[in-house]
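All heavy atoms count here, side chains included; hydrogens, waters and symmetry mates do not.
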Amino acid sequence: MAFCIDLSSVVFASKIDGPGQFETIAREKITRGKDVLVYGEFRNFQVTTEQGDRSDKEMYARSFRGNLQLTNVNGKVIDELEFLPEGRGRQVVSEPAEPVNFWARYTIPASLESGNYRILIMATDLVGDRHAQAMLDFDVK
């Protein structure tokens with residue numbers, strides 16, 4: 001699998017107001033049983049062209065899927081969440097290079113033991129059959 005699309009601005013957030021507008025949360029505030037937001041942007045999607053509804057302007061469609069995995073320090077998967085299932089992650093834009101912003105609400109399992117953990121975010125460009133991933137690390141005390 002080639003990793004050609006990019007995941008950027010991937011952060012833990014306490015608040016998301018829109019594309020590129022978010023408040024980060026310190027990793028030390030992430031605790032068992034707490035809901036956190038994961039915000040990020042996908043870039044470099046392959047697109048298909050479509051006609052705009054009200055004009056002859058060409059529009060660009062892209063389709064994507066996103067999921068995350070919670071792993072321990074050894075890489076063992078503890079939990080998974082598909083936050084953008086196939087069929088729901090579709091967007092039509094006027095500029096093909098426009099990034100796609102995403103967010104996921106995730107509850108840190110209350111049963112986690114103290115230690116280091118990682119959230120692995122994976123994105124799939126369903127048009128271009130390309131993949132990307134990013135990681136967020138945090139500790140549970």
Hydrophobic cluster identity match, [X] and [Y], side-chain contacts under 4.5 Å:
| X | Y | value |
| --- | --- | --- |
| Val36 | Val140 | yes |
| Val47 | Phe102 | no |
| Phe42 | Met135 | no |
| Ile25 | Phe138 | yes |
| Ile16 | Val11 | yes |

Within the 4.5 Å heavy-atom criterion, are [X] and [Y] side-chain neighbours or not?
| X | Y | answer |
| --- | --- | --- |
| Val93 | Arg62 | yes |
| Gln69 | Gln133 | no |
| Lys141 | Glu28 | no |
| Leu136 | Val10 | yes |
| Gln91 | Phe64 | yes |
| Leu37 | Phe22 | no |
| Asp79 | Tyr106 | yes |
| Tyr117 | Ile119 | no |

Donor-acceptor pair, distance only, cut-off 3.5 Å: does the side chain of [X] make one with the backbone of [Y]?
| X | Y | value |
| --- | --- | --- |
| Asn74 | Lys76 | no |
| Asp125 | Arg130 | no |
| Arg32 | Leu112 | yes |

Take Leu84 and Glu86 through the test side chain to side chain contact (heavy atoms under 4.5 Å, CB included) and record every step on the way to the result.
CA-CA 7 Å; Leu84 281 172; Glu86 190 169 338; over 6 Å; no
Looking at [atom1] of [X] and [atom2] of [Y], how far apart are the two atoms once the value is rounded to the nearest 0.5 Å?
| X | Y | atom1 | atom2 | answer |
| --- | --- | --- | --- | --- |
| Thr49 | Glu58 | OG1 | CD | 4.5 Å |
| Phe12 | Lys34 | CZ | NZ | 11.5 Å |
| Tyr39 | Ser14 | OH | OG | 14.0 Å |
| Asp139 | Ile30 | CG | CD1 | 9.5 Å |
| Leu70 | Leu81 | CG | CG | 11.0 Å |
| Thr71 | Asp137 | OG1 | CG | 8.0 Å |

If you look at every heavy atom in Ala61 and Val92, which pair is closest and at what distance?
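In terms of heavy atoms, the two residues are closest at CB-CG2, 4.0 Å.
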For Met59 versus Ser94, what's the shortest heavy-atom pair and its separation?
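In this case the closest contact between Met59 and Ser94 is CE-N, 3.8 Å.
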One thing to verify: whether Arg90 and Glu50 come together as a salt bridge, which I'm taking to mean a side-chain N less than 4.0 angstrom from a carboxylate O.
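Salt bridge present between Glu50 and Arg90.
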